[in-house]
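What follows is a set of notes on a single structure, which appears directly below.
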Amino acid sequence: MLEFLRGRDVLVAGWGVSGRSLVEPLQDIGARPVVTDGGGKALAEAAELGLQTATAADLLEPDALQRFALVITSPGWRPDSPILVSAVTEGIPVWGDVEFAWWVDQARIYGPVRKWLVITGTNGKTTTTQMTHSILRAAGIPSVACGNIGLPILDALRRNPGPQVLAVELSSFQLHWAPSVRPEAGVVLNVAEDHLDWHGGLDAYAAAKARALTGRVGVVGLDDQVAAALARKSKARRTVGFRIGVPADGELGVVDGKLLDRAFTKAAILAEVGDISPQGPAGVADALAAAALTRSIDVAPQFVKEGLQEHKVGPHRAAHVRELCGVDFVDDSKATNPHAARSSILAHHSVIWVAGGQLKGAGVEDLVEEVREHLVAAVLFGADAAVIAAALARHAPDVPVVELNSGDDAGMGDPFTEIDPEAVMARAVRVAAGYATRGDTVLLAPAAASLDMFADYTHRGRSFVTAVQALDEKDIGRPE
């Protein structure tokens with residue numbers, strides 16, 4: 001399949017982590033990588049490594065793309081990017097790095113073909129991927145967590161000794177550019193409004209997610225309306241579901257506080273709900289998904305239990321930061337869309353909600369209407385704070401709302417990109433703490449992306465943690 005690349009130029013579109021991971025595999029199969037990127041610094045870095053580079057202007061010249069046998073795009077490049085549109089128009093194949101990794105694996109470039117367990121969904125991907133990997137480790141199966149979780153799949157394939165099983169987290173972007181992937185098992189956890197600006201609508205977004213359901217076993221979250229509907233369209237040879245409730249035949253679920261498998265055996269207890277991290281419905285759903293994936297490749301129930309017991313939630317994913325005067329502070333900066341924020345808020349009885357950022361076209365009306373009984377107050381910041389504030393005013397008018405803007409702190413200027421994010425977060429946490437009393441939770445669940453103010457969601461989470469650690473008892477229950 002990859003012989004057509006030998007001795008040919010291949011355009012690497014995007015010099016990020018995934019772009020860098022392509023270079024050695026392309027060279028190993030005899031292709032010549034040529035790097036393009038929107039940033040001059042990235043091209044300079046590639047050139048310093050001895051690689052050919054090309055600017056967008058160069059590539060958009062007439063017939064400039066004809067030299068390339070293939071274009072491999074980073075997942076962030078939209079389908080309507082001019083270079084990609086030109087390549088498709090001129091009949092040049094466009095692959096994502098995941099598509100290329102799939103064919104590298106199928107060609108046995110780096111050893112025997114691996115089993116791919118693919119995890120996707122609007123929320124819970126990383127936690128489910130980590131849980132899956134933890135179960136595989138408990139079973140003694142050489143494996144690695146890779147993909148959108150941080151380690152490029154190609155880097156995982158090149159490891160020596162190599163893994164037998166890949167727990168692969170894939171975003172909708174990656175799946176869009178990977179039509180050939182046929183995993184041993186794949187799960188769609190849930191589908192809610194997110195990245196609609198990239199995909200052009202919810203239907204296209206869901207269709208990209210559904211590409212995880214094309215292999216031997218497909219798994220869907222039955223408590224999510226859109227994901228459950230994908231079961232009827234699944235192209236997997238067998239499709240099973242999971243739910244946070246009593247499972248029917250062919251499903252996994254929960255009975256009397258225990259995770260139960262009725263899909264891969266008549267009935268097997270897999271774990272105790274109390275052993276799952278993170279606690280709450282979202283964590284249990286992720287555990288059921290990880291259990292389904294690993295049971296699909298015959299991992300014994302005892303190892304599912306052991307792996308889930310050993311798994312602990314990572315930073316910025318509903319992580320408990322501190323308790324002060326009976327008030328819990330929880331960092332769920334990874335809740336970058338309304339669907340994720342919903343699960344986070346509903347896991348607590350009374351919440352001072354810290355939120356805001358870039359909604360990316362997603363609506364918050366349904367979220368606010370559903371969680372309003374859990375809200376004590378809301379502290380908002382970021383580019384779309386006003387949108388969330390308006391939804392609160394309509395659906396939760398009795399909930400106090402503080403909307404931070406460019407006038408709330410010294411050094412916060414206009415335009416918004418000049419705002420000091422650490423100062424904004426410090427003030428947001430102080431204000432939120434002032435509304436809290438014993439038994440409340442101050443929860444960072446932004447419901448939005450972070451890039452309007454922060455480098456990424458981890459930067460936002462670290463800022464929250466730093467601000468929380470700076471609080472003392474006098475800050476609790478004293479609204480500013």
Side-chain angles (χ1 to χ4, degrees), residues 1-37 42-43 45-54 58-59 64-77 81 83-84 86-88 90-116 118 142-144 146-148 150-168 170 173-184 211 214-215:
M1 176 63 190
L2 297 177
E3 286 297 318
F4 78 103
L5 299 179
R6 191 177 302 279
R8 300 288 305 280
D9 289 342
V10 174
L11 183 63
V12 175
W15 189 238
V17 173
S18 61
R20 291 176 177 85
S21 75
L22 292 165
V23 171
E24 291 191 40
L26 283 168
Q27 293 172 335
D28 287 344
I29 63 177
R32 295 186 297 268
V34 179
V35 177
T36 188
D37 191 276
L43 293 184
E45 180 183 316
E48 287 178 6
L49 296 175
L51 299 172
Q52 296 184 59
T53 63
D58 293 335
L59 295 169
L65 291 171
Q66 288 299 318
R67 62 186 277 207
F68 298 106
L70 175 68
V71 176
I72 307 180
T73 178
S74 78
W77 282 45
S81 298
I83 290 172
L84 304 186
S86 294
V88 170
E90 297 184 33
I92 301 165
V94 178
W95 293 1
D97 63 296
V98 174
E99 176 83 355
F100 179 68
W102 172 259
W103 288 114
V104 166
D105 191 29
Q106 297 302 301
R108 295 175 170 82
I109 303 298
Y110 299 114
V113 175
R114 280 69 169 189
K115 291 181 178 180
W116 289 42
V118 167
S143 59
V144 65
C146 57
N148 195 56
L151 176 70
I153 301 170
L154 288 165
D155 288 356
L157 293 175
R158 295 174 61 238
R159 286 190 169 184
N160 189 17
Q164 295 175 7
V165 179
L166 306 179
V168 188
L170 293 183
F173 303 160
Q174 291 169 312
L175 284 162
H176 174 89
W177 295 116
S180 302
V181 172
R182 300 290 182 269
E184 184 71 10
R211 286 186 170 174
T214 55

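Worth saying up front: this structure is predicted, and the values here are computed from it rather than measured.
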Atom of [X], atom of [Y] and distance for their closest heavy-atom approach:
X	Y	answer
Val118	Pro183	CG2-CB, 3.6 Å
Ala64	Leu59	CB-O, 3.5 Å
Val71	Ala87	CG2-CB, 4.0 Å
Ala54	Leu43	O-CD1, 4.0 Å
Arg8	Phe4	CG-O, 3.5 Å

Identify, with sequence neighbours excluded, every residue that meets side chain to side chain donor-acceptor pair (under 3.5 Å) alongside Gln106.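 Residues passing side chain to side chain donor-acceptor pair (under 3.5 Å) with Gln106: none at all.
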For Trp102, all residues meeting side chain to side chain donor-acceptor pair (under 3.5 Å), sequence neighbours excluded: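 Result, side chain to side chain donor-acceptor pair (under 3.5 Å) vs Trp102: none returned.
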Test item: Asp37 side-chain N/O and Ala42 main-chain N/O as donor-acceptor pair under 3.5 Å: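 Not at all, since once roles are kept as given, no pair shorter than 3.5 Å links the two residues.
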Given 3.5 Å as the limit, does a donor-acceptor pair link the side chain of Ser74 with the main chain of Ser18, or not?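 Checking the backbone N and O of Ser18 against the side chain of Ser74, no donor-acceptor pair under 3.5 Å is found.
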Nearest 0.5 Å, please: how far is [atom2] in [Y] from [atom1] in [X]?
X	Y	atom1	atom2	answer
Leu22	Gln27	CG	CD	11.0 Å
Arg211	His176	CZ	NE2	6.5 Å
Glu48	Thr53	CD	OG1	11.0 Å
Asp58	Thr36	CG	OG1	8.0 Å
Leu51	Trp15	CG	CH2	5.0 Å

Sequence-distant partners of Ala31, side-chain contact (heavy atoms from CB on, under 4.5 Å), two or more places apart: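 Once residues adjacent in sequence are excluded, the partners of Ala31 under the side-chain contact (heavy atoms from CB on, under 4.5 Å) criterion are Leu5, Val10, Leu26, Ile29.
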Ala107: which residues meet the side-chain contact (heavy atoms from CB on, under 4.5 Å) condition with it, sequence neighbours left out?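 With sequence neighbours excluded, Ala107 shows a side-chain contact (heavy atoms from CB on, under 4.5 Å) to Leu2, Ile109, given in chain and number order.
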Indicate every side-chain donor-acceptor pair of residues 150-167 with a distance under 3.5 Å to a residue at least two apart or in another chain.
{"residue": "Arg158", "atom": "NH2", "partner": "Glu24", "partner atom": "OE1", "Å": "2.5"}

Within the 4.5 Å heavy-atom criterion, are Leu170 and Asn148 side-chain neighbours or not?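 Side-chain contact under 4.5 Å: no.
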Residues in salt bridge (charged side-chain N to carboxylate O under 4.0 Å, His left out) with Asp9, at least two apart?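 If we apply the salt bridge (charged side-chain N to carboxylate O under 4.0 Å, His left out) test to Asp9, skipping adjacent residues, the hits are Arg32, Arg67.
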Using salt bridge (charged side-chain N to carboxylate O under 4.0 Å, His left out) as the criterion, list what pairs up with Arg6, not counting sequence neighbours.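 In terms of salt bridge (charged side-chain N to carboxylate O under 4.0 Å, His left out), with neighbours along the sequence ignored, Arg6 is linked to Glu3.
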Side chains of residues 90-101: which donor-acceptor partners sit under 3.5 Å, not counting sequence neighbours?
{"residue": "Glu90", "atom": "OE1", "partner": "Gln66", "partner atom": "NE2", "Å": "2.6"}
{"residue": "Glu99", "atom": "OE1", "partner": "Ser180", "partner atom": "N", "Å": "3.0"}
{"residue": "Glu99", "atom": "OE2", "partner": "Trp103", "partner atom": "NE1", "Å": "3.2"}
{"residue": "Glu99", "atom": "OE2", "partner": "Ser180", "partner atom": "OG", "Å": "2.5"}

Step by step, work out the side chain to side chain contact (heavy atoms under 4.5 Å, CB included) result for Leu84 and Trp177. CA-CA 11 Å; Leu84 304 186; Trp177 295 116; 3.6 Å; yes
